[in-house]
Every structure is written in C-alpha cells, then in structure tokens.
Undergrad: 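I have a structure here, written as structure tokens, and I will follow up with some questions on it.
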Amino acid sequence: MSKIPYVDATCIGCNICPNVAPHTFEMYETDDGLKSKVTDPHGDDKKAIQEAIDICPVMAIHWQEIEEKVNKK
Ligand code: SF4
C-alpha cells in the first residue's frame, strides 16, 4: 500500500500548499473561485506534502491509501 494526497471541496484557495509543495499542488479557477488540486502526487517528498497537510487552514488535504500495481513480466 502507498499513499497519495488529495484535496477535498472545502479548500478556500489560500494558495499556501502550492508554496509548500510546488511540484504536488497547483491552483486553478473554479466557479467558486480558486481551488488547489494535486497535479503530481509524488511531486515532492512526503515530508513537504505532510507540511502542506498540517499547515492547511481548513484541513482540506488528506492522505489516501492506494494499492500499488506491480507489473510482472
Ligand atoms: S492550503 Fe488548504 S485551503 Fe489553502 S489552497 Fe491548499 S488545500 Fe486549499
């Protein structure tokens, strides 16, 4: 099992997480204003992503467990 970050709908678009983990999060325009999204779940090391999770003022970033697919040849 591995884990990747995701941003939920409560994001208020404060632009902090792209500053903390710029290769993982990116702001984009929605009808409700700016929101953050994950562009590359492995873009930054887990420590930087965890820092973004911890610093988010509305706790909109979470870890999600995923199953890693192993390609056997
Ligand atoms: S830190 Fe939280 S509220 Fe701010 S842009 Fe990132 S996900 Fe949204």
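Both counts, for ligands and for their atoms, begin at 1 and track the order of listing.
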Undergrad: Hey, does the side chain of Ser36 reach the backbone of Phe25 with a donor-acceptor pair shorter than 3.5 angstrom?
TA: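 Not a single qualifying donor-acceptor pair exists.
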
Undergrad: Nearest heavy-atom pair of Asp8 and Met59: which atoms, and what distance?
TA: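 So the two residues come closest at OD2-O, 4.2 Å.
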
Undergrad: Could you please spell out the steps behind the side-chain contact (heavy atoms from CB on, under 4.5 Å) verdict for Ile53 and His62?
TA: CA-CA 7 Å; Ile53 289 172; His62 313 272; over 6 Å; no

Undergrad: Do you know how many protein N, O or S atoms are within a distance smaller than 2.8 Å of atom 4 (Fe) of ligand 1?
TA: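 Step by step: take atom 4 (Fe) of ligand 1, keep protein N, O, S below 2.8 Å, and you get 1.
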
Undergrad: Quick one: does Asp44's side chain have a donor or acceptor within less than 3.5 Å of a partner on His23's backbone?
TA: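 Yes, because the side chain of Asp44 sits within donor-acceptor range (under 3.5 Å) of the backbone of His23.
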
Undergrad: Grab the two heavy atoms, one from Thr10 and one from Ala60, that are nearest each other, plus how far apart they are.
TA: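 For Thr10 and Ala60, the tightest heavy-atom pair comes out as OG1-CB, 3.4 Å.
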
Undergrad: Indicate yes or no for a side-chain donor-acceptor contact from Lys35 to the backbone of Met27 under 3.5 Å, with no hydrogens or angles considered.
TA: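 Checking the backbone N and O of Met27 against the side chain of Lys35, no donor-acceptor pair under 3.5 Å is found.
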
Undergrad: Among all protein heavy atoms, pick the one closest to atom 7 (S) of ligand 1 and tell me residue, atom and distance.
TA: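 For this ligand atom, the closest protein heavy atom is Ile61 CG1, 3.6 Å.
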
